[in-house]
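Take a look at the structure below.
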Amino acid sequence: MVASAFKTNVQITDPGSWLVFTPTLKNFGTVLSGAELPSSMLNSLIVGVTSTALSAVLAVPAAWAVGRFRLHGTGSLVLVARIVPAISLLVPWYYLFAQLGLVGSYTVLVLSHMFVSVPLILWVMISFFEGLPVELEEAAQIDGLTPFGTFLRIALPLAMPGIATACVLAFISNWNNFMFALILADEDTKTLPVTLFSFVSYAGTDWGGLMAAATLTTLPALAVALLAQQHIVAGLTAGATKG
């Protein structure tokens, strides 16, 4: 993808230019010269960050409650959202949000993305909270903290690596979501995956522009993963050893 972003369409389809070719920045110039890709990237950032943050606010306390109070029936009910095919919800969602006048707004995109990211964060965090020593919270309650106070002061700081891991996974999922934005967004709020799809037309495909746009699309998600790298590693290895 990155190599093709620096090739012409002729070089991309030429097997002899697979490794040896004269790089060009024309594709990036074409992509960045228009207002469509930068505005779509801004829309994706707004939708991705907002939906991930709101999902974490809802899912992290819920995961702690499910893990600590053994509410696995409730957790399994939320898991249904991960099982139901998203495409089966688009028609009723579109009708409902159209009646509310929300189609084409950031609100409908954030809510639809939260339908996917809330269960994702919830199920990542349930096992993480179950792996934390319950004795720490019991000791805090003996010292006078309420159960929710132990969550805020004890469990939440200890769970930050897991929260970072879950939020990065949710952000990447929201960043790459194509179906919801294709149906529920308009020209002013469409996100990057929808813009990438516009490079494919009936007459042909602008492979150079598509690869350049896809490369630029990958950079924000890659930057988020690199910035949270230490927390991600700690979250993925949590519970691997004891003692």
Side-chain angles (χ1 to χ4, degrees), residues 44-84 86 89 106-177 180 220-243:
S44 288
L45 282 173
I46 293 174
V47 173
V49 172
T50 305
S51 58
T52 301
L54 292 177
S55 297
V57 170
L58 293 175
V60 172
W64 173 78
V66 171
R68 278 290 175 260
F69 301 105
R70 305 299 178 184
L71 305 175
H72 293 290
T74 304
S76 299
L77 184 62
V78 177
L79 184 61
V80 173
R82 298 287 297 173
I83 301 173
V84 175
L89 301 171
Y106 289 118
T107 302
V108 68
L109 293 177
V110 169
L111 291 176
S112 60
H113 284 69
M114 287 177 64
F115 181 80
V116 176
S117 55
V118 166
L120 175 61
I121 296 176
L122 177 69
W123 275 93
V124 170
M125 293 306 301
I126 286 176
S127 59
F128 198 94
F129 280 121
E130 288 180 338
L132 295 179
V134 69
E135 292 81 8
L136 294 176
E137 297 182 30
E138 292 175 347
Q141 292 183 37
I142 292 174
D143 289 338
L145 285 179
T146 63
F148 191 70
T150 61
F151 164 72
L152 291 177
R153 294 175 178 267
I154 306 299
L156 191 61
L158 293 175
M160 288 308 297
I163 295 173
T165 303
C167 287
V168 168
L169 294 175
F171 176 79
I172 293 175
S173 175
N174 294 330
W175 183 263
N176 292 329
N177 194 293
F180 295 153
L222 183 62
V224 170
L226 291 176
L227 289 174
Q229 183 178 10
Q230 292 181 345
H231 291 297
I232 293 174
V233 172
L236 292 176
T237 57
T241 59
K242 285 188 176 182

Please report the closest heavy-atom contact between [X] and [Y], naming both atoms and the distance.
| X | Y | result |
| --- | --- | --- |
| Pro157 | Leu152 | CD-O, 3.5 Å |
| Thr150 | Ala140 | CG2-CB, 3.8 Å |
| Ala56 | Pro61 | O-CD, 3.8 Å |
| Ala221 | Ile172 | CB-CG1, 4.3 Å |
| Ala159 | Phe128 | CA-CE2, 3.4 Å |
| Ala166 | Val124 | CB-CG1, 3.8 Å |

Indicate yes or no: at least one non-hydrogen side-chain atom of [X] is less than 4.5 angstrom from one of [Y].
| X | Y | result |
| --- | --- | --- |
| Ile121 | Leu169 | no |
| His113 | Val110 | no |
| Val134 | Arg68 | yes |
| Val60 | Phe129 | yes |
| Leu45 | Trp175 | yes |
| Met125 | Thr165 | no |

Report the distance from atom [atom1] of [X] to atom [atom2] of [Y], rounding to the nearest 0.5 Å.
| X | Y | atom1 | atom2 | value |
| --- | --- | --- | --- | --- |
| Arg153 | Leu145 | CZ | CG | 6.0 Å |
| Asn177 | Leu109 | CG | CG | 9.0 Å |
| Ser51 | Phe180 | OG | CZ | 11.0 Å |
| Glu138 | Ile154 | CD | CD1 | 12.5 Å |
| Tyr106 | Leu111 | OH | CG | 15.0 Å |

Might you work through the side-chain contact (heavy atoms from CB on, under 4.5 Å) test for Leu54 and Val118, ending with a clear yes or no?
CA-CA 9 Å; Leu54 292 177; Val118 166; over 6 Å; no
Keeping the roles fixed (side chain from Thr50, backbone from Ile46), state whether a donor-acceptor pair exists under 3.5 Å.
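Yes; at least one donor-acceptor contact below 3.5 Å.
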Assess, by modelled atom type and distance only, whether the side chains of Trp64 and Glu137 contain a donor and an acceptor separated by less than 3.5 Å.
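A pair is found: one side chain offers a donor N or O, the other an acceptor, under 3.5 Å apart.
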What side-chain hydrogen bond (donor to acceptor under 3.5 Å, both in side chains) pairs are there with at least one residue in residues 52-63, not counting sequence neighbours?
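side-chain hydrogen bond (donor to acceptor under 3.5 Å, both in side chains) check on residues 52-63 returns Thr52-Asn174, Ser55-Ser117.
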